[in-house]
Amino acid sequence: MAIQPYHEAYMFLMKGLKELDFPGEAVPCDLVLTGDRAFPLAINSQGQVLMAASLYGLGRIVVLSHECYLATFPALVENALTWLMGDGSDNMSVGVHKHLHVVSDNLTKSSFQTKVVETFSNNLGVGVYVTDAYSVGEDPKDLVAFLKAGGGVLIGGQAWNWAAHHPKESTHLKFPGNKVSGVAGIYFSDNYGKVENLPVSPQVPFYWMTLKVGKDFQDDLEFLLKGISELNLQSESGLVASEILVHGPLAFPIGTTEDGRAFLAGAYYGKGRVVLISHEALLSVETMAPFWNNVIRWLDEGRTGVVGVVPKLSNTFNLIKDSGFNCAKTKFRKDLSVFVCTAYSDEHMKEIQDFVAEGGGLLIGGHAWHWAQTHSEQNPMTGFSGNKILNKMGLSLLETTIVEGFFKAPVTSQASKNSYHLYRLLRRTASHVIEGKRLTKSEEEGLKKLGSDCANYLQMKANDWYSYGLVVSTLTDILKKLGMPQVNEKNPVKNPMDHLLLSVGTEVLNVCPDPVALLPYLIKDKPLSPVVCNRKIRINANTAAKREWISTGLYLSPGMKTYMIIPAEFTKKVWKIQIGCQTDFLKADELKRAPRVHKIFPITSKRMQVWNLWGGLIYLVAPPNTQVKGVEVIVEKAVSAPYYKSGETTAGDWCSLRTAPAPWAELEFENIIITVPSEFVRGLNHLHELAALWDAIMRHIADLAAIAHKFPRKERIVTDVQISAGTMHAGYPVMGHTPTAAELVSVDIAKSKGLWGPIHELGHNQQRSCWEFPPHTTECTCNLWSVYVHEEVLGIKRAKAHQDLILTTRNQRAKEYVNGGRNLSSWHVWVALETYMQLQEKFGWDAFKKVFAAYHKMSNFPSENKEKMNLYAETFSQTVGMNLCTFFKSWGWPIDASTEEKLSNLPPWTDHPMVQYG
């Protein structure tokens with residue numbers, strides 16, 4: 001991994017220095033570092049930062065935690081001045097504030113030309129300005145502009161004395177030095193620093209004790225929550241919010257669910273502030289108006305300036321305006337005091353970040369879960385617009401959701417000190433692991449959430465941030481100390497610490513500077529499998545509107561790396577390489593494998609190195625609407641896997657392939673690919689019989705759905721030791737538990753015991769919203785395919801295929817439904833399926849095929865269940881040439897008079913099965 005920019009800067013600044021002996025008579029303060037460009041120069045044994053540097057705009061700044069250090073460390077000052085001049089600068093002029101004439105005296109023999117001045121001004125013509133933290137003035141806009149434009153600032157001071165004399169003011173915003181250094185993410189705090197003789201590290205020091213929350217937020221919470229007893233996380237139209245990840249040292253939760261997940265949070269950023277709500281609709285909820293009034297005043301900081309609201313938030317604008325604020329409907333403008341916007345655009349990302357850093361207030365609302373669902377192979381931490389703005393501010397929107405409701409406002413005295421924060425709990429965890437300090441019960445319970453949050457945080461992949469590197473370094477130390485649990489079905493993980501280790505292991509390995517050194521702590525038993533070299537894979541793809549995995553028949557062992565030679569045309573489109581077939585993300589309390597075990601690499605070059613901590617089958621992932629034929633990909637080193645492909649693999653080939661050493665096997669048939677542990681295929685003979693069975697199953701699935709026999713994308717089924725939901729679930733791929741593998745690869749089991757679960761899930765994949773009535777039919781209409789395939793392909797009658805389809809059970813269920821008032825709230829799963837079974841038994845399967853075919857020709861479908869049910873009743877009636885209104889009404893369907901009128905010319909179905917129940 002390339003050396004990070006802050007490492008280079010650190011080595012330049014500390015050049016020639018062996019130690020820093022801090023004098024005892026000067027009491028420094030602890031510096032708080034935030035943002036993406038700040039890094040420490042000196043950290044004491046308590047984890048306190050006594051010297052730091054950063055960049056802002058085109059300029060640079062060095063901050064010392066006491067003004068006397070400007071004289072105590074002349075060699076450091078000379079290094080700092082040279083660095084602050086910037087690369088290639090020929091302006092050696094340094095402006096020095098009059099209170100620091102000793103600095104000017106120390107530089108008399110240097111190459112710098114010093115000017116002792118009363119105060120900073122734009123016409124000084126200097127490259128660097130040196131000042132103490134008390135002499136920058138009340139509103140040092142010119143000095144900040146100088147820094148932003150490329151100037152250098154060297155500043156020293158401490159804030160504990162100022163804070164003692166200004167107990168009711170915010171040190172982070174009001175202390176004079178912070179009005180300059182704060183824009184670059186370095187704050188003088190009111191905490192005393194411990195002085196020591198510190199050796200100079202050859203590289204930027206990473207010390208877990210430096211992880212800390214930067215202030216007590218009790219005053220902020222008291223201001224924001226004044227008069228607020230509960231927070232209304234709901235709107236008239238209903239909503240689903242995102243969870244907020246609070247990770248910056250000056251970020252804090254404001255509103256959380258009962259289990260501690262944040263939906264409302266605030267942060268300090270530079271000289272300004274930000275508040276984030278995880279759904280924009282909540283910005284216009286009238287019952288929240290008193291809270292939003294507090295928020296606007298907190299963000300405005302007494303300026304009584306203009307509150308700009310983006311035009312899309314009309315209701316929010318009206319709510320704020322009606323509360324008496326000076327509002328304007330506008331896109332982003334620099335002259336605003338507070339800007340209110342959604343998280344769905346990054347059009348003015350840099351301007352908004354600078355606006356807040358230089359003192360503005362930002363109120364932003366939005367969620368990331370929908371973006372994540374519609375961009376399934378992209379990273380929401382880096383790709384979602386809101387996070388591009390917010391990550392640097394210490395807040396991020398996650399794809400995990402929070403359902404609406406009312407939540408109690410936190411008790412401010414407790415929330416400020418005890419609320420969950422990634423930095424706080426990670427530091428405590430490191431203290432527990434490295435120093436043996438005991439965690440409290442609540443801290444132990446929080447480790448599972450910490451693991452998930454750290455895994456999300458690491459997805460920012462912000463390797464050029466010191467703060468990110470500090471988290472990576474701390475997690476690396478924890479993993480090396482404890483190792484990662486060697487989880488499997490016989491050794492499941494239950495305790496929170498193991499959850500944490502499993503959650504972060506893969507992600508840390510992906511981003512740490514030395515993955516080779518970390519790997520032995522994560523995978524302790526690496527299997528040695530024979531490899532094949534320079535295997536050529538011929539790729540054929542003709543994708544429709546969806547991405548498609550293309551099997552290679554090759555496998556990578558855990559931690560094993562290989563190179564793949566990729567044709568140039570693959571780099572021109574969004575092709576990917578995927579390692580691993582198990583794509584479910586697990587959130588269970590008990591884990592039989594790590595939460596995430598597959599890895600995806602976007603193809604960016606002709607030669608790609610790929611690997612995965614957990615190993616896995618190698619796939620090419622073709623983007624939608626892509627055609628390639630006979631294109632060759634070379635895998636330089638991999639393990640051969642049992643892989644059968646209809647029409648290509650001969651019986652002789654399979655005899656040798658089925659014993660291939662990889663632990664995963666794939667059977668690719670005409671319209672489906674089945675992936676199972678290799679143990680289930682080692683003894684398989686006569687694969688042509690299994691292929692014929694699955695070909696027949698898939699063709700019948702297509703027949704009932706009224707689609708072509710050749711699927712636009714082959715279905716996939718993967719069995720795994722643990723999946724994310726249920727005994728099986730639909731999707732691409734369909735996921736099932738490992739025992740399902742036996743029935744998937746056995747013709748005898750399929751024809752004797754059936755395949756209800758797998759066909760049920762494949763039926764889910766055929767459901768269409770235009771003829772679905774959720775939640776009633778979600779687990780119902782998919783069973784049409786189960787019944788059809790069992791009867792038409794497997795020769796198993798419905799009553800034998802599933803016990804809930806025994807005739808007496810069916811009749812009793814219908815009778816109970818009628819006696820219960822034919823209430824649609826009870827019309828679901830087997831009750832709802834009975835409606836369809838009665839239609840099938842009267843009109844046959846062809847009627848369903850024709851109905852589904854009719855829907856293929858329609859457009860502009862209604863979205864509400866009532867209208868959709870009327871359309872279905874009309875379509876089915878027209879298809880079979882009989883008025884079915886009475887039948888559907890007997891099941892409680894809300895059939896309109898207009899539908900009855902449309903079908904009045906058709907003969908009615910008067911002897912339908914529901915007649916017997918009255």
Side-chain angles (χ1 to χ4, degrees), residues 30 32-35 169-174 178 182 185 187 189-191 210-226 228 231 233 241-278 282 291-292 294-299 301 343 356-357 361-365 386-387 389-398 402 407-428 442-443 446 449-450 453-454 456-457 467 471:
D30 183 16
V32 176
L33 309 188
T34 69
E169 296 190 54
S170 167
T171 303
H172 286 80
L173 295 182
K174 300 300 183 181
N178 285 336
Y187 297 85
S189 79
D190 53 9
N191 295 322
T210 309
L211 284 166
K212 52 183 175 282
V213 179
K215 77 182 291 286
D216 182 342
F217 298 102
Q218 182 172 345
D219 290 345
D220 303 293
L221 288 169
E222 287 177 351
F223 189 104
L224 289 163
L225 296 170
K226 185 177 181 180
I228 308 299
L231 297 164
L233 190 68
S242 276
E243 182 181 353
I244 297 172
L245 176 61
V246 178
H247 54 82
L250 291 178
F252 59 100
I254 302 170
T256 63
T257 60
E258 292 180 358
D259 58 354
R261 297 184 300 140
F263 57 84
L264 177 62
Y268 285 75
Y269 181 68
K271 295 164 62 180
R273 293 165 165 171
V274 58
V275 169
L276 169 64
I277 183 73
S278 60
L282 297 169
F291 173 72
W292 296 127
N294 293 347
V295 168
I296 297 296
R297 289 199 300 273
W298 187 75
L299 295 170
E301 296 182 47
V356 179
L362 175 66
L363 174 56
I364 182 169
N387 287 338
I389 296 171
L390 291 163
N391 285 347
K392 293 182 179 182
M393 300 180 181
L395 301 170
S396 302
L397 287 161
L398 302 179
I402 294 176
F407 298 95
K408 290 183 179 179
V411 178
T412 56
S413 59
Q414 296 176 8
S416 61
K417 295 181 175 63
N418 301 322
S419 63
Y420 170 86
H421 189 289
L422 186 149
Y423 269 30
R424 180 182 286 128
L425 186 51
L426 183 54
R427 175 183 169 130
R428 288 284 297 125
S442 63
E443 287 172 340
K449 174 175 170 55
L450 177 64
D453 284 351
C454 285
N456 281 313
Y457 177 87
S467 56
V471 172

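When reading the values below, keep in mind they use all heavy atoms of this one structure, side chains included, and skip hydrogens, waters and symmetry mates.
Closest approach of V246 to A265, counting heavy atoms only: CG2-CB, 3.9 Å. Between L390 and V274, the closest heavy-atom pair is CD2-CG2, 4.3 Å. Shortest non-hydrogen contact noted between A262 and T256 is CA-CG2, 3.9 Å. The shortest heavy-atom contact between K449 and G260 is CE-O, 3.7 Å. When all heavy atoms are compared, the tightest approach of P249 to V32 is CB-CG1, 4.5 Å. In terms of heavy-atom proximity, R297 sits nearest to N294 at NH2-OD1, 2.6 Å.
Atom OG1 in T171 sits 4.5 Å away from atom CG in D190 (nearest 0.5 Å). Within the model, atoms NZ of K212 and CZ of R428 stand 15.5 Å from one another, a figure rounded to the nearest 0.5 Å. The distance from the CG atom of L398 to the CG atom of N456 is 4.5 Å, given to the nearest 0.5 Å. Between L276 atom CG and L245 atom CG the span is 11.0 Å, to the nearest 0.5 Å. With rounding to the nearest 0.5 angstrom, the OG1 atom of T34 is 10.5 Å from the CE atom of M393. The distance from atom CD of E243 to atom CG of D259, rounded to the nearest 0.5 Å, is 8.0 Å.
Contact annotation: the side chain of L33 never approaches that of S467 to less than 4.5 Å [non-hydrogen atoms, C-beta and beyond]. Under the 4.5 Å side-chain criterion, counting only non-hydrogen atoms from C-beta, H247 is not in contact with L426. Side-chain contact between L264 and F407 is absent, with no heavy-atom pair separated by less than 4.5 Å. Contact of the L362 side chain with the L299 side chain is not registered, since no non-hydrogen atoms from C-beta on lie closer than 4.5 Å. Using a 4.5 Å heavy-atom threshold, the side chains of I254 and L221 count as touching. I244 is listed as a side-chain neighbour of L397, based on a closest heavy-atom distance under 4.5 Å. Proximity of L450 to Y420: side-chain heavy atoms (C-beta onward) are separated by under 4.5 Å at one or more points.
Within the 3.5 Å criterion, the main-chain N or O of S396 finds no donor-acceptor partner in the side chain of N387. One N or O on the side chain of S189 and one on the backbone of D30 form a donor-acceptor pair closer than 3.5 Å. Side-chain N or O atoms of H421 include one that pairs as donor or acceptor with a backbone N or O of A251 at under 3.5 Å. Counting only distance, with no hydrogens or angles, the side chain of Y187 and the backbone of G270 share a donor-acceptor pair below 3.5 Å.
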Next on the checklist: Set out, in order, the CA-CA distance, both residues' side-chain angles and the distance that settles side-chain contact (heavy atoms from CB on, under 4.5 Å) for W292 and L363, then state yes or no.
Outcome noted: CA-CA 9 Å; W292 296 127; L363 174 56; 3.7 Å; yes

Checklist entry - Where do I277 and F291 land on the side-chain contact (heavy atoms from CB on, under 4.5 Å) test, with the steps shown first? => result CA-CA 12 Å; I277 183 73; F291 173 72; over 6 Å; no

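In this structure, the side chain to side chain contact (heavy atoms under 4.5 Å, CB included) partners of D220, at least two apart in sequence or on a different chain, are K215, F217, F252, Y268, R273, W298.
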